[in-house]
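Taking it in order: structure first as structure tokens, then the write-up.
What you see below is based on every heavy atom in this structure, not just the backbone, and it leaves out hydrogens, waters and symmetry mates. Counting from 1, the numbers follow the sequence of the chain as shown.
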Amino acid sequence: EKEYRKVLEIMRSSQDQEFLCRRTRDLALYLGLQGKCDKALVAAKESLDLAFSFGSAGEIEVVRTLTLYGIVCLKCEKLDKAEEYFTQSITLGQKLRTHLDAAPMHLATVYEGLKTFDKAEHFYQLSLTEARIFGRHYFECGDLTGLVRVKHAQNNYIAIPPLWTDAEQLAQQYEYNDYLSSLYLTRGHITWDGLIPEWEDGFDYALHYYQYALIHALRFNRFLLDEALFCL
């Protein structure tokens with residue numbers, strides 16, 4: 001972090017404000033992922049102020065920075081603010097007819113956290129459509145995985161098996177351990193309760209999927225392992 005800030009200080013003395021905006025944005029995400037929320041939010045605001053200072057010529061940078069600001073707020077559990085920034089990013093992105101990138105998927109995650117599952121489903125579907133158009137497999141897998149969780153929350157068990165199969169195939173192909181952990185965790189919950197007749201049921205099978213969920217969480221990082229353990 002100290003070295004990164006030294007680089008930012010050098011860039012502040014230069015005339016390349018667009019590059020400074022992007023690097024400040026990166027710093028905000030870096031700090032947010034470390035859980036340093038106060039510093040992350042300050043850096044995100046600085047980046048957004050820079051993006052707005054470019055006027056109409058910098059609207060694409062505004063879209064990207066609003067998305068990152070939303071991600072930082074999401075990581076810092078400020079769901080209302082995350083919803084606000086993601087919504088602004090999507091609205092401006094649609095106006096500019098540009099690629100919406102991560103905003104719809106993360107906004108869907110926000111609505112999951114707020115237990116507004118109809119809205120979560122809508123934005124996962126929006127993100128999935130775009131991800132398939134642009135061949136963004138990570139987002140596609142994330143959207144399918146999110147829809148599995150949403151359908152589980154909605155008790156719509158008929159819709160789950162094809163979504164789960166498609167998501168698992170993508171996650172296995174590209175080794176998306178974070179999504180594999182989520183998929184196996186959800187399947188463990190469903191299997192424990194015997195909610196889908198064509199799937200296995202009972203404690204032993206559920207334990208098998210829970211073990212898979214923890215293995216893939218640990219392969220991703222120890223923080224996801226903590227989250228997976230909390231969800232058991």
**Request:** Identify whether L48 and V72 are in the same connected component of the hydrophobic contact network (ILVMFWY, side-chain heavy atoms under 4.5 Å).
**Result:** yes
**Request:** Take R64 and D101 through the test side chain to side chain contact (heavy atoms under 4.5 Å, CB included) and record every step on the way to the result.
**Result:** CA-CA 8 Å; R64 293 168 180 163; D101 202 51; over 6 Å; no
**Item:** Contact list for residues 198-217, test salt bridge (charged side-chain N to carboxylate O under 4.0 Å, His left out), sequence neighbours left out
**Value:** R187-E200
**Prompt:** In terms of hydrophobic clusters joined by side-chain contacts under 4.5 Å, are I60 and F86 together?
**Reply:** yes
**Prompt:** With a 4.5 Å limit on heavy-atom distance, are the side chains of L100 and S127 in contact?
**Reply:** no
**Complete:** For P104 and F123 the tightest heavy-atom approach is O-CB, 3.5 Å
**Prompt:** In Å, rounded to the nearest 0.5 Å, how long is the span from NE2 of H216 to CG of L225?
**Reply:** 13.0 Å
**Item:** Backbone of C21 reached by a side-chain donor or acceptor of S47 within 3.5 Å
**Value:** yes
**Request:** Enter the distance from H152:NE2 to I196:CD1 here, rounded to the nearest 0.5 Å.
**Result:** 8.0 Å
**Request:** Evaluate the side chain to side chain contact (heavy atoms under 4.5 Å, CB included) criterion for residues V150 and Y124: first the C-alpha distance (whole Å), next the side-chain angles of each, then the deciding distance (0.1 Å), finally the verdict.
**Result:** CA-CA 9 Å; V150 167; Y124 276 132; 3.9 Å; yes
**side-chain contact (heavy atoms from CB on, under 4.5 Å) partners for D193, two or more places apart** = L195
**Prompt:** With a 6.0 Å cut-off on ring centres, are Y176 and Y138 close enough?
**Reply:** yes
**Message:** Determine whether E168 and Y184 satisfy the following criterion, side-chain hydrogen bond (donor to acceptor under 3.5 Å, both in side chains), listing intermediate values before the conclusion.
**Reply:** CA-CA 9 Å; E168 193 211 20; Y184 289 132; 2.7 Å; yes
**Item:** same_hphob_cluster(F220, L214) at 4.5 Å side-chain heavy-atom cutoff
**Value:** no
**Request:** Please check if I90 and L96 belong to a single hydrophobic cluster, counting links between Ile, Leu, Val, Met, Phe, Trp and Tyr side chain heavy atoms closer than 4.5 Å.
**Result:** yes
**Asked** Between S89 and A103, is there a donor-acceptor pair closer than 3.5 Å when you use the side chain of the first and the backbone of the second?
**Response** no
**Request:** Measure the CD1-CE distance between I71 and M105 for me, rounded to the nearest 0.5 Å.
**Result:** 8.0 Å
**Side-chain heavy atoms of E121 within contact of Q154, under 4.5 Å** = yes
**Message:** Side chains of S182 and T145 only: does a donor on one sit below 3.5 Å from an acceptor on the other?
**Reply:** no
**Item:** Centroid separation Y212 to H208 less than 6.0 Å
**Value:** yes
**Message:** I'd like to know if D49 pairs up with K45 as an ion pair, taking the criterion as any Lys NZ or Arg NE/NH1/NH2 lying under 4.0 Å from an Asp or Glu carboxylate oxygen.
**Reply:** yes
**Prompt:** Please walk me through it: do L29 and D26 pass side chain to side chain contact (heavy atoms under 4.5 Å, CB included)?
**Reply:** CA-CA 5 Å; L29 181 59; D26 291 343; 5.9 Å; no
**Message:** When you compare the side chain of Y174 with that of L170, does any pair of heavy atoms fall below 4.5 Å?
**Reply:** yes
**Request:** Would you check, one step at a time, whether the test side chain to side chain contact (heavy atoms under 4.5 Å, CB included) holds for L128 with L147?
**Result:** CA-CA 10 Å; L128 180 61; L147 285 169; 4.2 Å; yes
**Message:** Side-chain heavy atoms nearer than 4.5 Å, only ILVMFWY residues, links allowed to pass through others: does that put V42 and L74 together?
**Reply:** no
**Fill in**
A167 and C141 have their tightest heavy-atom pair at O-SG, 3.5 Å
**Prompt:** If you round to the nearest 0.5 Å, how far is CG of L66 from CD of E59?
**Reply:** 11.0 Å
**Request:** Using only heavy-atom distances, determine whether the side chains of Y111 and E83 contain a donor-acceptor pair under 3.5 Å.
**Result:** yes
**Closest non-hydrogen atom pair, C73 against L41** = SG-CD2, 3.8 Å
**Message:** Take a 6.0 Å sphere around OH of Y157 and say whether it holds more than 12 heavy atoms from other residues, nucleotides or ligands.
**Reply:** yes
**Prompt:** Does the side chain of Q34 come within less than 4.5 Å of K39's, by heavy atoms?
**Reply:** no
**Ion pair R136/E130, N-O distance below 4.0 Å** = no
**Prompt:** Are Y69 and Q88 linked by a side-chain donor-acceptor pair shorter than 3.5 Å?
**Reply:** no
**Message:** Within this structure, what is the CG-CZ distance for the pair L144 and R132, rounded to the nearest 0.5 Å?
**Reply:** 5.5 Å
**Message:** Could you check whether atom CG of D38 has more than 12 heavy atoms from other residues, nucleotides or ligands sitting under 6.0 Å from it?
**Reply:** no
**Prompt:** Is it the case that N177 and Y179 place a side-chain donor and acceptor less than 3.5 Å from each other?
**Reply:** no
**Request:** Look up atom CG in L183 and atom CD in Q172, then write down how far apart they are to the nearest 0.5 Å.
**Result:** 9.5 Å
**Asked** So which heavy atom on A213 is nearest to which on L185, and how close?
**Response** CB-N, 3.7 Å
**Request:** Measure across L224 and N221 and return the closest heavy-atom pair with its distance rounded to 0.1 Å.
**Result:** N-OD1, 2.7 Å
**Message:** List the residues meeting disulfide bond (SG atoms under 2.5 Å apart) with C37, not counting sequence neighbours, and say none if there are none.
**Reply:** C76
**Prompt:** Is the closest side-chain donor-acceptor distance between R25 and T65 under 3.5 Å?
**Reply:** yes
**Prompt:** Would you call the rings of W199 and W164 parallel, tilted or perpendicular, where under 30° means parallel and over 60° means perpendicular?
**Reply:** perpendicular
**Asked** Between Y210 and H189, is the gap from one ring center to the other below 6.0 Å?
**Response** yes
**Prompt:** Under a 4.5 Å cut-off applied to non-hydrogen side-chain atoms, are V62 and F52 in contact?
**Reply:** yes
**Message:** Could you check whether any side-chain N or O of T98 sits under 3.5 Å from a backbone N or O of Q94, counting only pairs where one atom can act as donor and the other as acceptor?
**Reply:** no
